Amino acid sequence: MSESLHLVCPHCAAVNRLPRAKTGAAPNCGQCHRPLFTGTPLAVDGDTFERQLTRSELPLVVDFWAAWCGPCRMMALTFAQAASELEPQLRFLKVDTEANPALAGRFAIRSIPTLIVFRDGREIARHSGALDLSSLKRWLAPHSGTI
């Protein structure tokens with residue numbers, strides 16, 4: 001395991017190299033100097049999603065959702081709380097399937113909300129349907145180990 005980790009800044013999309021031991025020390029981006037970890041889900045479009053997927057070495061948890069979906073709105077609060085508790089072990093992203101239909105099609109999203117965990121650019125877990133916080137954390141536990 002490398003002693004450093006590549007992270008994509010949630011603000012400017014610059015790729016930062018960070019010592020693994022410093023992930024919990026509130027690191028800032030080397031380019032824009034804003035926090036690399038915000039504790040909130042990052043709403044992404046296709047380009048931002050692709051950069052996070054291909055350049056960040058953190059596991060990504062992606063919520064595919066739509067504004068008109070009642071269960072998605074309920075899940076949004078749970079997802080935000082999980083992000084505040086589990087970042088920096090995981091990076092939390094939100095993809096609006098109405099605004100980004102190509103991403104929804106690429107990952108064969110058939111129902112929403114759908115959560116997908118990616119590691120090293122590959123899908124490693126998927127869950128369709130809303131979860132409460134304890135169920136979400138239990139589902140994520142195998143993927144949020146040591147980065």
Side-chain angles (χ1 to χ4, degrees), residues 1-66 72-109 112-147:
M1 180 181 293
S2 172
E3 292 185 28
S4 64
L5 181 70
H6 288 101
L7 300 170
V8 176
C9 176
H11 308 288
C12 71
V15 178
N16 291 262
R17 189 175 63 198
L18 181 71
R20 287 181 188 273
K22 301 273 186 183
T23 58
N28 289 327
C29 175
Q31 183 169 319
C32 73
H33 308 290
R34 294 175 69 189
L36 286 173
F37 299 111
T38 63
T40 60
L42 175 64
V44 296
D45 61 14
D47 292 337
T48 307
F49 173 83
E50 195 63 31
R51 187 150 177 94
Q52 288 282 345
L53 183 69
T54 60
R55 301 297 307 271
S56 182
E57 293 177 340
L58 275 183
L60 304 176
V61 183
V62 184
D63 177 14
F64 290 88
W65 69 285
C72 295
R73 289 192 307 269
M74 291 184 339
M75 182 69 202
L77 297 173
T78 301
F79 197 70
Q81 190 171 357
S84 73
E85 294 181 20
L86 299 176
E87 201 177 67
Q89 289 81 24
L90 301 161
R91 172 81 75 199
F92 289 78
L93 308 178
K94 293 184 71 64
V95 173
D96 180 346
T97 58
E98 294 291 302
N100 300 284
L103 275 178
R106 175 178 167 191
F107 294 104
I109 303 301
I112 52 175
T114 291
L115 302 176
I116 301 179
V117 179
F118 295 92
R119 175 172 241 136
D120 299 324
R122 293 176 302 141
E123 179 178 334
I124 60 171
R126 179 183 290 234
H127 176 82
S128 293
L131 294 168
D132 61 45
L133 183 60
S134 62
S135 297
L136 176 58
K137 288 168 76 173
R138 200 169 32 256
W139 181 69
L140 290 173
H143 313 295
S144 61
T146 304
I147 55 174

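Just so it is clear, the structure is predicted and the values come from calculations on it, not from any experiment. For the single chain, residues carry numbers from 1 onward in sequence order. Quick note: numbers below take in every heavy atom, side chains included, and nothing from hydrogens, waters or symmetry partners.
Inter-residue side-chain proximity for Cys9 and Cys32 is flagged as met; some heavy-atom pair is nearer than 4.5 Å. With contacts defined as side-chain heavy-atom distances shorter than 4.5 Å, the pair Leu77/Gln81 does not qualify. Counting heavy atoms from C-beta outward, Asn16 and Leu36 have side chains that approach closer than 4.5 Å. Annotation: side chain of Leu53 is in contact with side chain of Leu60 (closest heavy-atom distance under 4.5 Å). Residues Ile112 and Ile109 have side chains in contact (heavy-atom distance under 4.5 Å, counting atoms from C-beta outward). For the pair Trp139/Val117, a side-chain contact is recorded, criterion being any heavy-atom separation below 4.5 Å from C-beta on. The shortest side-chain heavy-atom distance between Leu136 and Met75 falls under the 4.5 Å cut-off. At a threshold of 4.5 Å between non-hydrogen side-chain atoms, the residues Val44 and Val95 count as touching.
When each of Phe118, Phe37, Phe79 is checked for a ring pair (Phe, Tyr, Trp, His ring centres under 6.0 Å) with Phe92, only Phe79 meets the rule.
Partners of Thr38 under the side-chain hydrogen bond (donor to acceptor under 3.5 Å, both in side chains) rule, at least two apart in sequence or in another chain, are Thr40. Among residues two or more places apart in sequence or in another chain, the side-chain hydrogen bond (donor to acceptor under 3.5 Å, both in side chains) test is passed with Glu123 by Arg126. Thr78 pairs by the side-chain hydrogen bond (donor to acceptor under 3.5 Å, both in side chains) definition with nothing, not counting sequence neighbours. Taking Arg17 as the reference, nothing meets the side-chain hydrogen bond (donor to acceptor under 3.5 Å, both in side chains) condition, with sequence neighbours excluded. With sequence neighbours excluded, the residues satisfying side chain to side chain contact (heavy atoms under 4.5 Å, CB included) with Ala80 are Pro41.
Across Pro59 and His143, no two heavy atoms sit closer than the pair CG-O, 3.7 Å. Here the shortest heavy-atom pairing between Arg119 and Ile124 reads CB-CD1, 3.8 Å. Listed here is the closest heavy atom pair of Gln31 and Cys12: CB-SG, 4.2 Å. Contact detail for Gly46 and Asn100: the closest heavy-atom pair is N-OD1, 3.5 Å. Of all non-hydrogen atoms in His127 and Ala130, the two that sit nearest each other are NE2-O, 4.4 Å. Between Ala66 and Thr97, the shortest heavy-atom contact is CB-OG1, 3.8 Å.
Put simply, CG on Leu18 and CD on Glu3 are 12.5 Å apart, with the number rounded to the nearest 0.5 Å.
For residues 3-28, there are no ring-ring contact (aromatic ring centres under 6.0 Å, His included) pairs, not counting sequence neighbours. The stretch residues 92-107 participates, sequence neighbours left out, in these salt bridge (charged side-chain N to carboxylate O under 4.0 Å, His left out) pairs: Glu50-Arg106, Asp63-Lys94. Among residue pairs with one or both ends in residues 76-88, those qualifying as salt bridge (charged side-chain N to carboxylate O under 4.0 Å, His left out) are Glu85-Lys137, Glu87-Arg91; sequence neighbours excluded. For residues 22-49, the set of pairs meeting the salt bridge (charged side-chain N to carboxylate O under 4.0 Å, His left out) definition, not counting sequence neighbours, is empty.
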From CA spacing to verdict: side chain to side chain contact (heavy atoms under 4.5 Å, CB included), Leu93, Val61: CA-CA 6 Å; Leu93 308 178; Val61 183; over 6 Å; no

Derivation and outcome, side chain to side chain contact (heavy atoms under 4.5 Å, CB included), residues Leu58 and Leu90: CA-CA 6 Å; Leu58 275 183; Leu90 301 161; over 6 Å; no

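Using modelled atom types and a 3.5 Å distance limit, the side chains of Thr48 and Arg51 yield no donor-acceptor pair.
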